[in-house]
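See structure below.
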There are 2 protein chains.
Amino acid sequence: MLPAARHQTIVDTVQRERVVRVSDLAQQLGVSLMTVRRDIELLEEGGQVERIHGGAKLPGGATTHEPGFELKSTQFPAEKRAIAVEAAGMVHEGMAVGLSAGTTTWALAQELVKGPRITVVTNSVRIADLFHHGASSSGVPHGSTVILIGGERTPSDALVGPIATAALKQLHLDLLFLGVHGMDPDAGFTTPNLLEAETDRAFVAASRKLVVVADHTKWGTQGMSTIAALEEADEVISDAGLSADARRALGESVSRLRIASSS
Amino acid sequence: MLPAARHQTIVDTVQRERVVRVSDLAQQLGVSLMTVRRDIELLEEGGQVERIHGGAKLPGGATTHEPGFELKSTQFPAEKRAIAVEAAGMVHEGMAVGLSAGTTTWALAQELVKGPRITVVTNSVRIADLFHHGASSSGVPHGSTVILIGGERTPSDALVGPIATAALKQLHLDLLFLGVHGMDPDAGFTTPNLLEAETDRAFVAASRKLVVVADHTKWGTQGMSTIAALEEADEVISDAGLSADARRALGESVSRLRIASSS
DNA sequence: ATTCCATGCTCCCCGCCGCACGACACCAAA
DNA sequence: TTTGGTGTCGTGCGGCGGGGAGCATGGAAT
């Protein structure tokens, strides 16, 4: 195995596991402990991992948040935040707003907590938590009502399944912010999880207006399951990194394309 | 287990439970009390948790009004644990089990996590979290399926309301463990929260068998809203502190009264 | 054939962890 | 309030396991 391939494997493993021990890596890679240590030393200089006693972890204070999640949420913080701020501007007092599960919608939720009193409907436990005790920790109670849609839990902390879709059929939302894993002119808005796609479709059906929030990296990605065609979205909010191609295609398909500026 | 992984688990647990005790963490992580204390000390310097007597809590949380209050309120005394162990013995592989929200059912959930693979239906976010995260952090995934019933969130972390009751109407449970705030020969099983009582009634209706878990302090307490009459319970599990009066009254009303011994 | 370099090995050092004891905080009863 | 009891916290020491430096080996490039 080439050193470069080994390094890549180590980085991948660290990103996946958050923390790995030298001995495990050595066994997995079929090399000695010393080699792994030296690799980690190199990777640390490149800032790709952080060395700790007995192994390596992903760099930065990534350990401060929760499994697998913060990795994505810190990937493009500026862009996501900009999108969130832009999206939050669409929300007014008293509205019934839907938030699908995802890192972008989570960033949006962080903005909405600071905003006017609204009713939030979500299938993300994390987002519900944010409103629930995000409120109490900030001292002044946040008046917003949060309805958490039930169901079974996916690895990404979304609640999905027949319970969730049935609950959504009873509800009618003014506005839905949908986070997606991919958007593509052919496949439309997609997610890799079949059950989550079904729940997202129920979300879409329950809402009068669909706003997709997606940073530019989502363009061109096709998840396994389609949530909706591009044309079904009333608005798409993305960031300045979006390619000209994408802007053109989205501009033709959706009613309005907003580009959030990171300023 | 690596220190970093341990820290991560501690932070996750604190975020999930709001407060944890050193001894529980030590047991869960398989390390000594001293190690946990040292970890918490480090994490406190990083501002990720806040140290309190006997454990840790999430930082800056408005959960505390009086010093040292939190631990007491969330620890489960021997009685609750004994009840939980007794109740857990009724659960077998593959069953569909309902758990209402409450501290006693939460204690029960902690036992069930260690037990056979089952399907759990609950309206408590904390119980759902317990199964979800408890699994990943303990290394070996817990095979149980957890369905979280949706709705609006009460201060006690229960999800209630029409969404919740509608979801329960679709489900049929083998067994329901119901936690109550009070039980009384006249008022029956009660809770102070009207919405929660409604959801609990839906729980009762969805289940073939009703088991009420309640420590002896609940006897004689009348909450504002009645969930069910004493006669509706198939079993009641309480602890040795239950008065003779209570034992007689319950013995006449329910099919079976179990007293959990704290041994 | 020679040089270079990545790898593995070994010894020694150091940080981490657990145990035991004394000090202290919290709670409860008077 | 004071007093007693229980459980928690902090420190010192010893053991253990991982980290680091230097050297030997083997393969590849020159």
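These figures come from a predicted structure and were not determined experimentally. Lettering follows sequence order; numbering is per chain, from 1.
Remark: side-chain polar atoms of B:Thr119 are not paired, donor with acceptor, to backbone N or O of B:Thr145 under 3.5 angstrom. Put simply, the side chain of B:Arg51 never gets that close to the backbone of B:Glu41: no donor and acceptor are under 3.5 Å apart.
With rounding to whole Å, A:Leu42 atom CG is found 13 Å from C:dC5 atom C1'. With rounding to whole Å, B:Ile52 atom CD1 is found 11 Å from C:dC27 atom P. As rounded to whole Å, 15 Å separates atom P of D:dG19 from atom CD of A:Glu50. The nearest whole Å value for the distance from the CG atom in A:Leu33 to the P atom in C:dA6 is 19 Å. Rounding to whole angstrom units, CG of residue A:Asp39 and C1' of D:dG20 are separated by 16 Å. Rounded to an integer number of Å, the gap from B:Arg37 CZ to C:dC24 P is 16 Å. Rounded to whole Å, atom P of D:dG18 lies 18 Å from atom CD of A:Glu41. One atom, NE2 of A:His53, and another, P of D:dG17, lie 13 Å apart when rounded to the nearest Å.
The side chain of B:Pro3 lies closest to C:dC16, out of C:dC16, D:dG22, C:dC19. Distance from the side chain of A:Val22 is smallest to D:dG19 among D:dG19, C:dC19, C:dG8.
Neither OP1 nor OP2 of C:dA6 sits under 4.0 Å from any side-chain N or O of A:Arg6. OP1 or OP2 of C:dG8 sits under 4.0 Å from a side-chain N or O of A:Thr35. Taking only side-chain nitrogens and oxygens, B:Arg21 comes nearer than 4.0 Å to OP1 or OP2 of D:dT8.
Taken to the nearest 0.5 Å, the NZ atom of B:Lys218 stands 10.5 Å off from the NE2 atom of B:His216. B:Thr199 OG1 to B:Asn193 CG: the interatomic distance, rounded to the nearest 0.5 Å, is 8.0 Å.
No hydrogens or angles were tested; on distance alone, nothing pairs the side chain of A:Arg51 with the base of D:dG19 as donor and acceptor under 3.5 Å.
We find that A:Arg153 and B:Asp129 are joined by a salt bridge, their nearest charged nitrogen and carboxylate oxygen being less than 4.0 Å apart.
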